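A short write-up of the structure that comes next.
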Amino acid sequence: MEWLTLRSNEKTLLDRIKEIERKWQERWEKAHVFEADPDESKPKFFVTFPYPYVNAYPHLGGAFTILRVDVTARYKRMRGYNVLFPQGWHATGGPIVASALRLREGDKKIIETLKSMGVKDDEIEKFKNPEYWVSYFSKGWREDLKKFGMSIDWRREFHTTSLNPYYSKFIEWQYLKLKEKGLVGKGEHPVVWCPKENKVVGDHDRPDEYAGISPVEAVIIKFRTSDDLILPALTFRPETIYGVTNVWVDPDHEYLIAEVDGEKWVINDYMARELAEQKHTVRVEGRIQGKELLGRTARNPVTGDEVPILPAKFVDPELGTGIVMSVPAHAPYDYVALMELKENPEILKMYGLSEDIVKELEPIPLIKVEGYSRIPAKDAVARRGIKQQTERWKLDDATKEIYAKEYHTGVLLEITGQWAGRKVSEVKDAIIEWMVSKGFAITVHTLPERVYCRCGARTHVKLVSDQWFLLYSKPEWKRLAHRAVDKMRFLPTSLREVFHKNIDWLRDWACTHKRELGTPLPWDKDWVIESLSDSTIYMAYYTLAKYLQHPEKYGIRPEQLIPEVFDYVLLGRGDVNEVARKSGIPTNLLEEMRREFLYWYPVDLRISGKDLIPNHLTFFIFHHVAIFPEEHWPRGIGTNGWILVSGEKMSKHKGNFILLRQAIDWWGADATRWAEILAGADAGLDDANFEPEVAKSAIEELLGWIRFAESNYGKGRTSRLAIDDWFESVLNRTIIEVTEAMEATNYKTALVKAYYNMQNYYKWYIKRAGEPNRDVLKRYIEVVTLMIAPFAPHTAEEVWERIGKEPFISTARWPEPEKEKINPEIERAEELVRHVLEDIREIRKFVKDARKAKVIIAAEWKYNFVSRILEKRSSGLDLRRAIQEAIKDLASEHRKSAGRLVKPIMQNPEILSVFVKREVEIRALSEATEFLARESGIDEVEVVLEEEVQALKKTPLPAKPAIILE
RNA sequence: GCGGGGGUGCCCGAGCCUGGCCAAAGGGGUCGGGCUUAGGACCCGAUGGCGUAGGCCUGCGUGGGUUCAAAUCCCACCCCCCGCACCA
């Protein structure tokens, strides 16, 4: 990777940076700077990062979000808050278990992944145990985050699952509460099932190419032959039953004859098994070759038509039921297959069929679609030039097109009877319901394509009947969640609406799994609480982890954590002495824990990537409103987008995948932080773009600031210039703007304003002033260092120490703006000087040999006039009216000349925003003549008043003096 | 389809809420100059078109509209990205 190559001098710089970082990390730890305990004298701020799943080391993406949390924590600390920033680790769920199993099977990919993360050969063996993943990677995360400079209170660290019985007790308590309130219930649920291993097959249990394929609902329509065999045609488009011309089978496949729910069905092995797993009774009675069915007819249950059974190559006997109803008008496959039969009667002959059998079969249109002929399938096929049913790729494409168009915009024709005139999308569900109720069809859960388990077996859909659900669809629960959302603070603010929508949209959630890491459901121990479901209110656990996770200090054993303990500590219920007696935990310790909880709770801000909005963050709200009283509901949620690297999504495949530890190794912590912030760390949903180049140059930037600060602090002149006021005004205004951006967690904006914009102002200041004023320079160095401290804390600490401050900048106060020094008029005047400089330069382009510039200030009355205009405007008038009104107010001798100003003012409305009092303009320009001359390369600049000259070609305006070059 | 986020100059990207210092910040690239033995790094300048006085024209997805004034407000349309679940 290119950005790895640092030249030797840069390497030295990097070593210096790393040394500084190590030094401060050690000092912070030694001084316990980030360990937060209740302190009633200070306001608290509780900020969290969703605990990461510990199956790998952190990469730049996770680091990005947690960096925003750290910046928040550091900023709030500087604002005088007692900040709690804890961190735990998530191990609940399937992937770790699945990876451990795969490793046991000798899976090369897992070995490769582990090696790529730096796991040594002789250690890989240990990863066959899921537990080892948890301890290994939580350690890795902790190390990396420390090196990244996270201001975490590590005493509260923990990991989830029964591997941590303390946490498990807490989760058990939560679920007992939910059950008490009737928010957990049992139900049926379709899952992808491996018949060989007898288990649910999640994404992590499959080869990658099968990930993300979930069960879908399909309809099986029953076509009956004269001898009472049922031909069950599986379809996703039951509405097209009105256009069926025939039924397709694979002549070379051997179907089963099975009794399904008391009827004789012709069906494939696959669906026989799938139906059996979905509450249907299936008994196999015999077999039948597809070709034996050919030539018979079957009755369309809806229309009553007798349709022929015909052969088709495209029929996949292992998908669906292996039997397909043919709707040539609206299904490209069917259309092509039918045309092939018509054009090649020898196929029919081969099976001993008469060619007459297809002669009269014509597509039957039943849906009208804008932009298509009566037979849309024909259009789609013709457009792609499809000739044969074996052209799968094109046919699939055509099918997709027709399906989407007909579903969303198609209108049902007369032939569909009661449904005629309606849109497909509107009545589809009703059609299904009707067909099922009439006994014409059944619905079934199936997979849209073949999905294999990692073990090699083909999976099918099973209906699990004793599945536990979180009953999110309960209206009362949703109502409370909405109320919480109404009260919360969101960053960005647009998130509020998103959450309301998500709450409405959320349905019951299957909250238990089997054979995964986690906490067993307390009343049904075969099940383990699923990962999203066990990570909803654990922020409360951070307030207790300090006690629970340290038996060496507090002596609490897991079995002492009876529900009454959590009832008391988290909800204030019960008599503390009674709880102490029952649990054996001393009263004072229980009370201390209760106090700790009450001090920190609720969560003030939870910052996360945008991916958690529809799931975890919504659950987070739901569970809080279910368990806790209103005063402990979450107060805020902030989100950010993903990190891209050089404009592309990070992936190992592309070679732009960067682990946090690699980044820190290459650029150090602060430069990495700096580049991540600049990548786009404002609150929002947009992705941020990390540029390795920026990280590289940040190393020098940061060392440059240390050098600049150290060597300039205390330097400078003692005299006072007008331009000093300008710089102080800008500096103080910047503090206000940066503070606003910090409050909104718009950290890129804040950093750009605090550092880069200030640096530009400083350059201008030096250009104007020559040498800076000593006090102003000191203040500049202090303020900028303080403002970048949340972003580059190690660098800031180093500067702080070198300019003689102590103890830590991490606990120093955020700069207060000296509001009295903010002077908009001075800033406008400076702006005006800049405009004049630009204008002189512009004119010089045309008058190259000019030696002298005369700057002619507008006459006194014009200032009154313009300030009148501004008054009128601020009372709501538009510009033209404001000018008219202002003219009326003028003394009569000026009215005529004022009329002549209307056009120039309309043409240069910017003068209104730079307008200052005449004296201020005169002074600013007079003091800047030397500067203007120097910068424009002219010998002399002279400021003259309009009253002192006559016969001007140009009209001077306030804030826009006339300029004459000579 | 539903929900969300976007479309800005050669590229990336700010601005849009709160209309006017916006031909549009900041990077990158390119061109020119300085520095240097040379390269790199660094510094200065230029980078829509036209123009011998600070100007004019074109311009922020497309088309309309509101306004003295629109990248910014309103309406319609086109295009791109993300999510749509039992999974971390």
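All figures in this text were calculated on a predicted structure; none of them were measured in a lab. Residue numbers start from 1 in every chain, and the chains themselves are labelled A, B, ... in the order their sequence lines are given, proteins ahead of strands.
Within 3.5 Å, no donor on the side chain of A/Arg841 pairs with an acceptor on the base of B/rG45, nor the reverse. Taking only distance into account, the side chain of A/Asn757 never meets the base of B/rA25 through a donor-acceptor pair shorter than 3.5 Å.
A/Arg206 comes within 4.0 angstrom of nothing in the nucleic acid, heavy atoms only. Among the atoms of the strands shown, none is found under 4.0 Å from any heavy atom of A/Gly647. Residue A/Leu685 is classed as a sugar-phosphate contact, given heavy-atom separations below 4.0 Å to backbone atoms only. Nucleic acid contact class of A/Ser533 (heavy atoms, under 4.0 Å, all strands): none. In this structure, A/Gln759 reaches neither bases nor backbone, as no heavy-atom distance under 4.0 Å exists between it and the strands shown.
Across all strands shown, B/rU47 forms a Watson-Crick or G-U wobble pair with B/rG29, both key distances being under 3.5 Å. Checking B/rG3 for Watson-Crick or G-U wobble geometry (two distances, each under 3.5 Å) identifies B/rC82 as its partner. Nucleotide B/rC87 has no partner under the Watson-Crick or G-U criteria, as no pair reaches both atom distances under 3.5 Å. Pairing of B/rA53, defined by two Watson-Crick or G-U wobble distances under 3.5 Å, is not identified with any nucleotide.
Using C1' as the reference atom, B/rC12 and B/rG29 are 10 Å apart when rounded to the nearest Å. For B/rA71 and B/rG83, the C1' atoms lie 29 Å apart once the distance is rounded to whole Å. The gap from the P atom of B/rU37 to that of B/rG48 amounts to 35 Å, rounded to the nearest Å. A gap of 39 Å separates the P atoms of B/rG28 and B/rC78, to the nearest Å.
With respect to the salt-bridge test (charged N to carboxylate O, under 4.0 angstrom), the residues A/Asp205 and A/Lys199 qualify.
If you take CG of A/Leu678 and C1' of B/rC12, they are 14 Å apart, rounded to a whole angstrom.
Between A/Thr161 and the choices A/Ile96, A/Leu517, A/Asp534, the side-chain contact (heavy atoms from CB on, under 4.5 Å) rule is met once, by A/Leu517.
For A/Leu879, taking side-chain heavy atoms from C-beta onward, the closest of the listed nucleotides B/rG20, B/rA88, B/rC21 is B/rG20. Counting only heavy atoms from C-beta on, A/Asp839 has its side chain closest to B/rG54 among B/rC12, B/rG54, B/rC68.
A/Ser913 has no side-chain polar atom (N or O) that falls below the 4.0 Å cut-off from OP1 or OP2 of B/rG20.
You'll find the ring centres of A/Tyr472 and A/His623 inside the 6.0 Å limit. Between A/Phe791 and A/Tyr755, the distance from one ring center to the other does not fall under 6.0 angstrom.
The closest donor-acceptor contact from the side chain of A/Trp133 to the backbone of A/Val97 lies at 3.5 Å or more, if one exists at all.
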